[in-house]
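Only one structure is covered here, and it is reproduced in the block below.
What you see is a predicted model; the values in this text were computed from it and never measured.
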Amino acid sequence: MIRGQSRDQPGKSPAVAQPSFRRERGLMQRGVWPVAGCDEVGRGPLAGPVVAAAVVLDPKRIPKGIDDSKRLTAARREELFEEIVATASFAVACAPIARIDRDNILRASLWALARAVHALPDTPKHVFVDGRDRIEIACECEPVIGGDGLVLSIAAASIVAKVTRDRLMCKLAQDCPGYGFETHKGYAVPGHLEALGRLGPSPHHRSFFAPVVAARERHRASPTGESVSASETSTRGAVEAAI
């Protein structure tokens with residue numbers, strides 16, 4: 001057989017392995033507990049905050065079907081979200097527009113992840129975080145590249161963060177109608193770019209992202225008139241409503 005050739009039958013996609021609880025269980029067997037997974041959603045959009053979640057799964061009540069949120073339908077994410085928050089210990093944190101604009105998107109994301117871990121009801125002894133960067137927390141932090149597809153606790157956090165942010169963007173759509181936040185969730189799809197060019201940036205847009213800068217220049221003569229602090233207040237209330 002040629003090296004590297006797939007053993008799968010022709011025409012069939014290879015099965016994608018689901019994340020497992022193996023790493024968490026290994027730490028449990030060594031007396032290390034609680035163990036949390038954390039992930040964030042919203043680095044790429046032009047608008048809206050970054051939302052981070054930290055989750056400690058109950059080993060005796062792990063919902064079936066937890067997976068990387070990107071592999072799940074919106075309906076399935078909603079179902080699993082309800083099961084996770086009913087059975088696990090979790091916390092959510094949000095990096096608002098002002099922090100993203102001040103610190104840059106990476107630093108704001110890492111700040112939100114750390115805030116989510118600090119907000120957990122019980123301080124974890126070990127944290128798995130999706131990606132390559134460690135976060136500033138008191139316990140051991142282990143980055144896992146592609147962790148939302150490998151580590152069950154991270155996958156659970158990805159679901160909590162994704163559903164919370166999607167609900168939040170629907171709330172912000174009511175605050176700033178016309179941009180379509182409820183459909184594209186702030187990502188740079190053609191419909192969003194068209195609305196941004198037509199209406200100019202809203203208080204929920206990230207000031208230094210290139211398409212927002214361009215739209216602001218075109219609309220400099222007609223500012224929105226709403227302060228960033230008002231945007232933060234609206235976002236904070238929407239996060240509370242989303243969870």
Side-chain angles (χ1 to χ4, degrees), residues 38-53 68-70 74 92-116 129-133 135-136 143 145-146 148 157-158 160-239 241-242:
C38 60
D39 198 7
E40 48 72 28
V41 174
R43 286 197 190 188
L46 305 178
V50 170
V51 174
D68 175 358
S69 65
K70 297 184 293 295
V92 174
C94 172
I97 301 301
R99 181 167 287 273
I100 295 170
D101 288 346
R102 189 191 75 184
D103 293 348
N104 77 39
I105 189 64
L106 175 59
R107 290 179 181 177
S109 299
L110 296 177
W111 176 85
L113 286 164
R115 290 259 299 187
V129 58
D130 185 45
R132 61 180 69 251
D133 298 300
I135 54 178
E136 294 185 8
I145 296 174
D148 45 7
S158 78
V160 173
K162 172 64 174 170
V163 171
T164 300
R165 189 177 188 279
D166 284 356
R167 292 178 179 181
L168 167 61
M169 294 307 295
C170 290
K171 296 286 186 181
L172 297 187
Q174 298 173 15
D175 182 47
C176 289
Y179 292 94
F181 291 154
E182 70 277 11
T183 57
H184 54 64
K185 309 303 187 288
Y187 285 88
V189 300
H192 186 191
L193 295 174
E194 185 278 328
L196 185 59
R198 174 168 44 85
L199 301 172
S202 76
H204 303 300
H205 280 92
R206 300 172 181 181
S207 297
F208 300 111
F209 280 43
V212 180
V213 172
R216 185 171 62 248
E217 290 298 320
R218 290 195 297 271
H219 288 260
R220 187 172 291 277
S222 56
T224 62
E226 185 175 351
S227 66
V228 171
S229 60
S231 172
E232 288 186 37
T233 301
S234 174
T235 298
R236 190 159 50 246
V239 169

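For R43, the CZ atom counts as densely surrounded, since its 6.0 Å shell holds more than 12 non-hydrogen atoms of other residues, nucleotides or ligands. The environment of CD in E136 is sparse: at most 12 heavy-atom neighbours from other residues, nucleotides or ligands sit within 6.0 Å.
Look at D175 and K171 and you find no salt bridge, because none of the NZ, NE, NH1 or NH2 atoms lies under 4.0 Å from a carboxylate O.
The shortest non-hydrogen separation linking V51 to V92 is CG1-CG1, 3.7 Å. Here the closest heavy-atom approach between residue A47 and residue F181 is recorded as CB-CE2, 3.7 Å. Annotation for G178 and A195: closest pair O-CB, 3.6 Å, computed over non-hydrogen atoms. The two residues M169 and P49 have their closest heavy-atom pair at SD-CD, 4.4 Å.
H204 has its ring centre no less than 6.0 Å from the ring centre of Y179.
In this structure, the separation between OG on S69 and CZ on R165 is 12.0 Å, given to the nearest 0.5 Å. From S202, atom OG reaches atom CG of L172 across 8.0 Å, with rounding to the nearest 0.5 Å. Atoms CG and NZ, from D148 and K162 in turn, are 12.5 Å apart once rounded to the nearest 0.5 Å.
The shortest distance between side-chain heavy atoms of E40 and S158 does not fall below 4.5 Å. The shortest side-chain heavy-atom distance between S207 and R216 falls under the 4.5 Å cut-off. A 4.5 Å side-chain heavy-atom check between R206 and I97 finds at least one atom pair inside the cut-off.
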